[in-house]
Amino acid sequence: MNLWWLVLGLLGLLSIAASPAAAAPDAGFTAFIASLWPEAQAQGVSRATFDAETRTLEPDYKLPDLILPGRPATGAPAQAEFVQVPADYLKEASLARLAEEGQRLMVKYRDALNRIGERFGVPGPIVLAIWGRETDYGRYTLPYDGLRVLATQAYVGRRKDTYRTEFILALKLINDGEVTRKDMRASWAGATGLTQFLPSEFYKHAVDLDGDGRKDIWHSVPDALASAARQLVDKGWQRDLRWAYEVRAPANVDCAIGVPEVTKPLGQWLREGFVPVRGQQLSAAEQAEPASLLQPEGIYGPAFLSTKNYFVIKEYNFSDLYVLFVGHLADRMVSPQPFATPWSASTQLRTADVEAMQRHLTRIGLYADKIDGKAGMKTRAALGAYQKAAGLKVDCWPSEAVLRSIAAAR
């Protein structure tokens, strides 16, 4: 019997020794966090708060977008809006469900939305759509400890300096009583709250709309929606201007001009054969507004004439698909109609293949933006220019045909 209890005791000790809680602390991370105290102190964080929140803090090396020498890649490779084709990201069933719920919320929060519209000039459906996209109207619980995410990204992320600042400001949020550590749940990139703000965005744009003396983007829907509107305005939102117009492009359209730098008054686009899909009659003021051509799938799928407000939403999340989701969802709350032109069944190449294309397009002088493996507006336009020069079909979409042509040209 005594031997039996001895065996059980030894097994228990082995179990404890093997458990994550008993793992040796990450000395480099611990030293890095300790080194941030002077910066935290300069932001008004007390020593008591700093010690309490960092004492047991450990890095999360399973997060995506980290630089870990000698370690295999872990976690998701990128956000969905950068790796999915439009048909996958802009699912009709999701949009219809969120639009229906958005219509109900427009009634529920009518007073707050009216005040937001009057004060900021941002339509209620736009901020509701941001809320719907970011956290499914608050029904999606963000999965990560925000402080741990920001600390990890500051230590081994690809944008260390940015996240160093965000981590310090997250400590300040807690120190100032804006949010508890428990409530500061976040995405893998550290955004928190109903409409997903980084700590720096909170201090720049947060609004107390409900008048309770707190800017509570975690629990107060009016505060969160007003804060989203304020952020859009601070980034350049123009009152009484649509985000974009879905159009039918003429058959001879040059998809390579679909970049933000190429703008024409909406009226000129219409005179060149672009037709609003719902037969809208644009006013003289609308026709005078500058707009850019957006073809998210190259010559396939829907086409849009995007206004300045399109690019303001893009400042909230730098993805064409994100902006399309938010803008279209907002439209659906007012007029429940799907995109007039269906998305095609296009496939997305691997990130590494798109990066290879971008490097080649950079070498030959057709591309001068980030090498990020994402088929954004500038990448699609550069591909169109390359396709013209190489005698390929000009569709402004990364395809196996382009990949083979680039491989043969090396």
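The first residue of the sequence shown is numbered 1, and numbering continues consecutively from there.
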What closest approach, in Å, do [X] and [Y] show between heavy atoms, and which atom pair accounts for it?
X: L150; Y: P199; answer: CD1-CG, 3.8 Å
X: A352; Y: R359; answer: O-NH2, 4.4 Å
X: W397; Y: G298; answer: CE3-N, 4.1 Å
X: E92; Y: P338; answer: OE1-CB, 3.6 Å
X: E297; Y: S344; answer: OE1-N, 2.9 Å
X: C396; Y: G384; answer: SG-CA, 3.6 Å

Determine yes or no for a side-chain-to-main-chain donor-acceptor pair under 3.5 angstrom, with [X] supplying the side chain and [Y] the backbone.
X: E166; Y: S200; result: yes
X: E315; Y: Q231; result: no
X: N309; Y: L241; result: yes
X: Q43; Y: L169; result: no
X: D65; Y: A189; result: no
X: Q295; Y: A303; result: no
X: S306; Y: S292; result: yes
X: Y140; Y: P143; result: no
X: E246; Y: T341; result: yes
X: T54; Y: L57; result: no

More than 12 heavy atoms of other groups within 6.0 Å of [X] [atom1]:
X: K204; atom1: NZ; result: no
X: K308; atom1: NZ; result: no
X: E100; atom1: CD; result: no
X: K388; atom1: NZ; result: yes

task = Check each of L329, L90, I313 against L324 using the side chain to side chain contact (heavy atoms under 4.5 Å, CB included) test, and report the only one that passes.
result =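 Of the listed residues L329, L90, I313, the side chain to side chain contact (heavy atoms under 4.5 Å, CB included) partner of L324 is L90.
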Rounded to the nearest 0.5 Å, how far apart are [atom1] of [X] and [atom2] of [Y]?
X: W218; Y: D223; atom1: CH2; atom2: CG; value: 10.0 Å
X: L270; Y: Q281; atom1: CG; atom2: CD; value: 9.0 Å
X: M184; Y: I174; atom1: CE; atom2: CD1; value: 4.0 Å
X: Y89; Y: W343; atom1: OH; atom2: CH2; value: 12.0 Å
X: R55; Y: I33; atom1: CZ; atom2: CD1; value: 14.0 Å
X: E39; Y: T165; atom1: CD; atom2: OG1; value: 7.5 Å

Pairing donors with acceptors under 3.5 angstrom, does anything connect the side chains of [X] and [Y]?
X: Q387; Y: D395; result: yes
X: T307; Y: E289; result: no
X: E272; Y: Q268; result: yes
X: S405; Y: Y386; result: yes

Side-chain heavy atoms of [X] within contact of [Y], under 4.5 Å:
X: Y322; Y: E134; result: yes
X: K393; Y: I299; result: yes
X: D60; Y: W188; result: no
X: N317; Y: Q196; result: no
X: L294; Y: P296; result: yes
X: T379; Y: M357; result: no
X: V122; Y: V233; result: yes
X: L232; Y: I130; result: yes

key: side-chain contact (heavy atoms from CB on, under 4.5 Å) evaluation trace for L194 with Y137   = CA-CA 7 Å; L194 295 173; Y137 303 122; over 6 Å; no
Residues that Q280 engages under side-chain contact (heavy atoms from CB on, under 4.5 Å), provided they are two or more places apart = Y245, P276, R278, L282
key: A291: partners by side-chain contact (heavy atoms from CB on, under 4.5 Å), with sequence neighbours left out   = L266, W269, L305
query = What's the verdict on side-chain contact (heavy atoms from CB on, under 4.5 Å) for L321 and F325, showing C-alpha distance, side-chain angles and the deciding distance?
reply = CA-CA 6 Å; L321 295 186; F325 195 107; over 6 Å; no
Below 4.0 angstrom, N of the basic side chain to O of the carboxylate: do [X] and [Y] qualify?
X: D208; Y: R214; result: no
X: D320; Y: R380; result: yes
X: E118; Y: R115; result: no
X: D136; Y: R139; result: yes
X: E261; Y: K378; result: yes

task = May I ask you to check whether F202 and F197 place their ring centres under 6.0 Å from each other?
result = no
message = Tell me every residue that passes ring-ring contact (aromatic ring centres under 6.0 Å, His included) with W243, counting only those two or more places apart in sequence or in another chain.
response =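 Partners of W243 under the ring-ring contact (aromatic ring centres under 6.0 Å, His included) test: none.
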ask   = F32 vs F29 aromatic rings, parallel, tilted or perpendicular, using cut-offs 30° and 60°?
value = tilted
ask   = Do Q41 and W37 pass the side-chain contact (heavy atoms from CB on, under 4.5 Å) test, and can you show the C-alpha distance, the side-chain angles, and the key distance before you say yes or no?
value = CA-CA 6 Å; Q41 184 181 35; W37 161 241; 3.6 Å; yes
key: Intermediate values then yes/no, side-chain contact (heavy atoms from CB on, under 4.5 Å), Y316 and E201   = CA-CA 10 Å; Y316 205 102; E201 292 168 337; over 6 Å; no
